[in-house]
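Throughout, numbering of the chain's residues begins at 1 and tracks the sequence.
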Amino acid sequence: MTSRIQFAAAKNGEETCSAGGKFLHSKYNPSAEAEKFAQNLSCDFNPACVIILEPALSYCAPFIRKRFPEAKIMAVRFCDAFSKTDGLWDKVFSAGEGLSDDIFGALGEEKILSALFFEWTASGSAFPEEKTRAWKAVKEAVEKSRDVMATRTYFARRWLKNAITLASTARRTATIARTKSPVLIAASGTSLESSLPHIKERRENFILLACSSAILPLLSAGITPDIAISTDGGFWAKRHLAFPGKSAEFTAALASESAAPGDFIRNREIIPLLYDDSPEFIRNIFESCGIRTMGARRNGTVSGTALEFAASITDGPVFMCGLDQASAGGYQHTQPNALEEIASQSDGRLSTKETRTTSARFASEKPLATYRGWFAANSGRFDKKAFRLSDGFAFPNRLGSIRDIGWDEFDSITGRRKAEKIAKTVSETGADEESRRRIALSLLKKAADDDTNGAFTREYFPALSVMLGRETDEAKKKEIERKIAEEKSALVARIAARA
């Protein structure tokens, strides 16, 4: 494509260019043209960033920066012919495969929902295919941002309650030292089933980290994980952790937002995980309650967090079983599955199991595509260390550059050596539950009341926070601020009544 670009001098002496006979800038005065473009950009809100699709020689960059001095300015390149002007932008994206994930990864849902997108019209005309693909990627990033924002708006306050419950309820907490032993992650995709005999046969050759939905299939096969990890903050996530008393002895790594039964938390060792973007007052709650935590990275899927966590605790290889990241015919998970056991109770002649599982297959496609996108975007960080492992399963997708291997190659990589035992530091929480609950609620109220920088609002009322940041009318801003204050008071009271 670069060979299609022809550079020449404009009448005023500035550089101009054309592609396929179509000029991308004025033949007479490119700067004046760019200034007029920036002045004509229509926007009825305060943008957090302004993103221009293929601005070519970037004459518009300084004028856009002047027009929107508080916004970050960014560009999406259709080709690499104009890289010499990339320094004029705060961020430059390439309009290749993965553009949607790149935009979302760099900006996040809040900035995307407060972004202003335009194309440099001449570039769109000269590169119609690239333009269409780029706008499709932008649309995907915006739609994903809306979905994530809706999820955060719905779940954020539940996650807060879960964090307070974990900090006040945990009795024995643990941190673990880094090891050189292999770690095997068990997810609950259908490919896990054929690997269960291999896992059992080689159980002493790795540290076994089970995603919560894989606990039951493992235990049913006579396999006890070393660590089970749960990051889901929803009500139904508790069902995967509903073990009576102290049965199934394993350490549980729980994100601060995870939903877990109180007895589950009280009766076993817990590794509390704090995401790297957790609010500071949440960190203060755990510290003030005398609980040490380990770090984790948020990415929307427990398997992704499990991979990050596994990579953080070992210098050895990481293997992933049951990580299908695709819908399947029939059951979507290796059985038994706690949620399947619940759902099957409603099966009958008029509402059959086949109808239910088919519906579940179609409903899972969108989130699975999101999860695949995360692995595709991040696989380069793990492709020398992590492997997807199965007993010859025909996966319908790839995990980016992460290789798919079989059990023979697992044996070759590990040498079937016995894994080291996990070195843990276990602590007994000093204060009783009621004292820790009072500490947590006190810090919660202080964070809500002292929200001078808006961090509390952004975390727990993200939609209102975005609305406030976008608003230009002062009267409307005051109304949004009043609404936020009311919501904060109601949230603190509600959590105090239930925590």
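- With sequence neighbours left out, Trp159 forms a side-chain hydrogen bond (donor to acceptor under 3.5 Å, both in side chains) with no residue at all.
- For the residue pair Ser401 and Ser379, a side-chain donor N or O sits within less than 3.5 Å of a side-chain acceptor on the partner.
- Using a cutoff of 4.0 Å between basic side-chain nitrogens and carboxylate oxygens, Lys180 and Asp315 are not scored as salt-bridged.
- With sequence neighbours excluded, the residues that form a side-chain hydrogen bond (donor to acceptor under 3.5 Å, both in side chains) with Arg416 are Asn205.
- The pair Asp263-Arg266 meets the salt-bridge criterion, since a charged nitrogen lies less than 4.0 angstrom from a carboxylate oxygen.
- Not counting sequence neighbours, the partners of Lys84 by the side-chain contact (heavy atoms from CB on, under 4.5 Å) test are Glu15, Leu57.
- Considering only residues two or more places apart in sequence or on other chains, Trp89 meets the ring-ring contact (aromatic ring centres under 6.0 Å, His included) condition with none of them.
- Annotation: ring-ring contact (aromatic ring centres under 6.0 Å, His included) contacts of Phe382 (sequence neighbours excluded): none.
- A cation-pi contact, defined as under 6.0 Å to the ring centre and within 45° of the axis, is absent between Arg398 and Phe395.
- Applying the 6.0 Å contact sphere to NZ of Lys72 captures no more than 12 heavy atoms from other residues, nucleotides or ligands.
- Partners of Arg292 under the salt bridge (charged side-chain N to carboxylate O under 4.0 Å, His left out) rule, at least two apart in sequence or in another chain, do not exist in this structure.
- With sequence neighbours left out, the salt bridge (charged side-chain N to carboxylate O under 4.0 Å, His left out) criterion links Arg152 to Glu109, Glu110.
- Applying the side-chain hydrogen bond (donor to acceptor under 3.5 Å, both in side chains) rule to Arg403 yields the partners Glu409; only residues at least two apart in sequence or on another chain are considered.
- Scanning for side-chain hydrogen bond (donor to acceptor under 3.5 Å, both in side chains) contacts around Asp276 gives an empty result, with sequence neighbours left out.
- Residues forming a ring-ring contact (aromatic ring centres under 6.0 Å, His included) with Phe118 (at least two apart in sequence, or on another chain): none.
- Under the ring-ring contact (aromatic ring centres under 6.0 Å, His included) criterion, Tyr154 pairs with no residue at all, not counting sequence neighbours.
- Scanning for salt bridge (charged side-chain N to carboxylate O under 4.0 Å, His left out) contacts around Asp86 gives Arg77, with sequence neighbours left out.
- The 12-atom threshold is not exceeded at CD of Glu97, counting heavy atoms of other residues, nucleotides or ligands nearer than 6.0 Å.
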